[in-house]
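Presented below is the structure to which this report refers.
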Amino acid sequence: MFNLLCMDLRRLFRSRSFYVILAVTAVMLILVTVMAYAVADSEMMDAMEAQGAEITESDRMMSEYIHNLSQLDLMHETLGSGFLLVMTGIGMTLFVNGDFSSGFIKNICSVRPRRRDYVLSKIVLAGVYSGILTVLSVLLMLLVPMLIQMYPAPDSISEILRYTLWMWLPHWAFGLMALVLVALTRGSTLGIILSLVSGSGLTAALAAALGRLLRWPPVEQYFLAAVVKGIHMPESGLAPIGTVLACTIAWAAVYGIGSLLSMAKQDL
């Protein structure tokens, strides 16, 4: 398994899709931060209104809201939206699909016992992939506001580190979804579609609507998109650690077992 992991890491850092995902993530976060700065700048709002733009009271309220955000609040407004889940899911889907499209999987999994090692190496790789994306995003959300002279109220380093850790764990589990979907379909289409749908919270919203209709318990709160969204709440700080850990472990187990079952197919 260790040799497979080393090969995966070498291939990851030589993969074009990995750097494309990093670049898209960085560009999107920079654009969102610049837009937030523009909305939060009251002088810019006044200048736009003087030039004939229609500025409503809700626009003023949004400007005041963004202006009063702390570093963690501003960070979570972007990262907690599911954006990182989508990028993690798509990135892992493209990487794992490369194993099947290039024939790499046939060379290392021709003997059944190696399939377990393959899945284990991909589980670790998903942690590395999601960890790099999470740390990069947190650093950008701390650095970019300062570069554009937007100074949200600072949070302590310990709070930011805890936030990074608890954001990373569910993203790790979410990245494993790509493994099971690609192993099942031998393609990337379903993984990309479900990354967009699940990461954006649509599946949780559909589950909530169905649950209300059938009077089920609120299971949607345990979907990874809902877990990520609730990790940081300004009123109470970080969400309960037990909830994050339980959901992360449960979904990781589901996706891991699903991957092993999918890999049991003979036609690799």
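- By the 4.5 Å heavy-atom criterion applied to side chains, Ile132 and Val128 are counted as neighbours.
- Leu74 and Pro152 get closest at one heavy-atom pair: CD2-CG, 4.2 Å.
- The number of heavy atoms from other shown groups lying within 6.0 Å of CG (Leu214) is above 12.
- Checked by atom type and distance alone, the side chain of Trp168 pairs as donor or acceptor with a backbone atom of Gly127 at under 3.5 Å.
- When every heavy atom of Tyr37 is checked against every heavy atom of Met150, the shortest pair comes out as CD1-CB, 3.6 Å.
- When each of Thr88, Thr134, Ile231 is tested with Pro170 by the rule side-chain contact (heavy atoms from CB on, under 4.5 Å), just one qualifies, namely Ile231.
- At least one donor-acceptor pair closer than 3.5 Å links the side chain of Tyr19 to the backbone N or O of Phe13.
- Hydrophobic clustering (ILVMFWY, side-chain heavy atoms < 4.5 Å, transitive): Val138 and Ile148 are in one cluster.
- Under the 4.5 Å side-chain heavy-atom criterion for ILVMFWY residues, a single connected hydrophobic cluster contains both Leu165 and Leu224.
- Atoms OG1 and CG, from Thr25 and Leu84 in turn, are 6.5 Å apart once rounded to the nearest 0.5 Å.
- No side-chain heavy atom of Leu176 sits under 4.5 Å from any side-chain heavy atom of Val254.
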Before giving the answer on side chain to side chain contact (heavy atoms under 4.5 Å, CB included), spell out for Ile123 and Tyr255 the whole-Å C-alpha distance, their side-chain angles and the decisive distance to 0.1 Å. CA-CA 10 Å; Ile123 289 175; Tyr255 291 140; over 6 Å; no

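- In this view, Asp8 and Arg11, Lys122 satisfy the salt bridge (Lys or Arg N to Asp or Glu O under 4.0 Å) rule, not counting sequence neighbours.
- Contact detail for Gly199 and Ala225: the closest heavy-atom pair is O-CB, 4.1 Å.
- Residues Leu142 and Gln71 meet the side-chain proximity criterion, which asks for heavy atoms closer than 4.5 Å.
- Residues Asp99 and Tyr118 have side chains that bring a donor and an acceptor to within less than 3.5 angstrom of each other.
- Interatomic distance, CG of Leu9 versus OG of Ser15, reported as 12.5 Å (0.5 Å rounding).
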Just do the side chain to side chain contact (heavy atoms under 4.5 Å, CB included) check on Val124 and Leu120 with the steps written out, would you? CA-CA 6 Å; Val124 177; Leu120 290 175; 5.9 Å; no

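- Checking Val27, Val34, Thr33 one by one against Leu31, the side-chain contact (heavy atoms from CB on, under 4.5 Å) holds for a single residue, Val27.
- Hydrophobic clustering, with ILVMFWY side chains joined whenever heavy atoms are under 4.5 angstrom apart, groups Val20 together with Ile30.
- No side-chain heavy atom of Leu94 sits less than 4.5 Å from a side-chain heavy atom of Phe18.
- Ser198 contributes no side-chain N or O that, together with a main-chain N or O of Ser195, makes up a donor-acceptor pair within less than 3.5 Å.
- Minimum heavy-atom separation, Leu125 to Leu5: N-CD1, 4.2 Å.
- In terms of heavy atoms, Ala252 sits closest to Ala173 at N-CB, 4.1 Å.
- Between the side chain of Asp155 and the main chain of Leu72, a donor-acceptor pair closer than 3.5 Å is present.
- In this structure, CE on Met87 lies 14.0 Å from CE on Met92, to the nearest 0.5 angstrom.
- Thr78 approaches Met141 most closely through the heavy-atom pair OG1-CE, 3.9 Å.
- One distance of note links CG of Leu190 with CE of Met177; it measures 8.5 Å at 0.5 Å rounding.
- Hydrophobic clustering (side-chain heavy atoms under 4.5 Å, transitive across Ile, Leu, Val, Met, Phe, Trp, Tyr) groups Val24 together with Leu22.
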Do Val227 and Tyr222 pass the side chain to side chain contact (heavy atoms under 4.5 Å, CB included) test, and can you show the C-alpha distance, the side-chain angles, and the key distance before you say yes or no? CA-CA 6 Å; Val227 172; Tyr222 303 113; 5.5 Å; no

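- Leu196 has its side chain within reach of Ile90: a pair of non-hydrogen atoms, C-beta onward, lies under 4.5 Å apart.
- Residues Trp172 and Thr248 have side chains that never bring a donor and an acceptor to within less than 3.5 angstrom of each other.
- Distance check: Leu181 CG to Asn97 CG gives 11.5 Å after rounding to the nearest 0.5 Å.
- In terms of hydrophobic clustering, with Ile, Leu, Val, Met, Phe, Trp and Tyr side chains grouped at heavy-atom distances under 4.5 Å, Met35 and Phe83 are assigned to different clusters.
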Worked check of side chain to side chain contact (heavy atoms under 4.5 Å, CB included) between Leu140 and Leu136: CA-CA 6 Å; Leu140 280 174; Leu136 170 69; 4.1 Å; yes

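- Here the CG-CG distance, from Leu179 to Leu260, works out to 8.5 Å after rounding to the nearest 0.5 Å.
- Between the Gln221 side chain and the Pro218 main chain, a donor and an acceptor come within less than 3.5 Å of each other.
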Evaluate ring-ring contact (aromatic ring centres under 6.0 Å, His included) for Tyr163 paired with His76, printing each intermediate quantity in order. CA-CA 9 Å; Tyr163 175 80; His76 194 66; 5.5 Å; yes

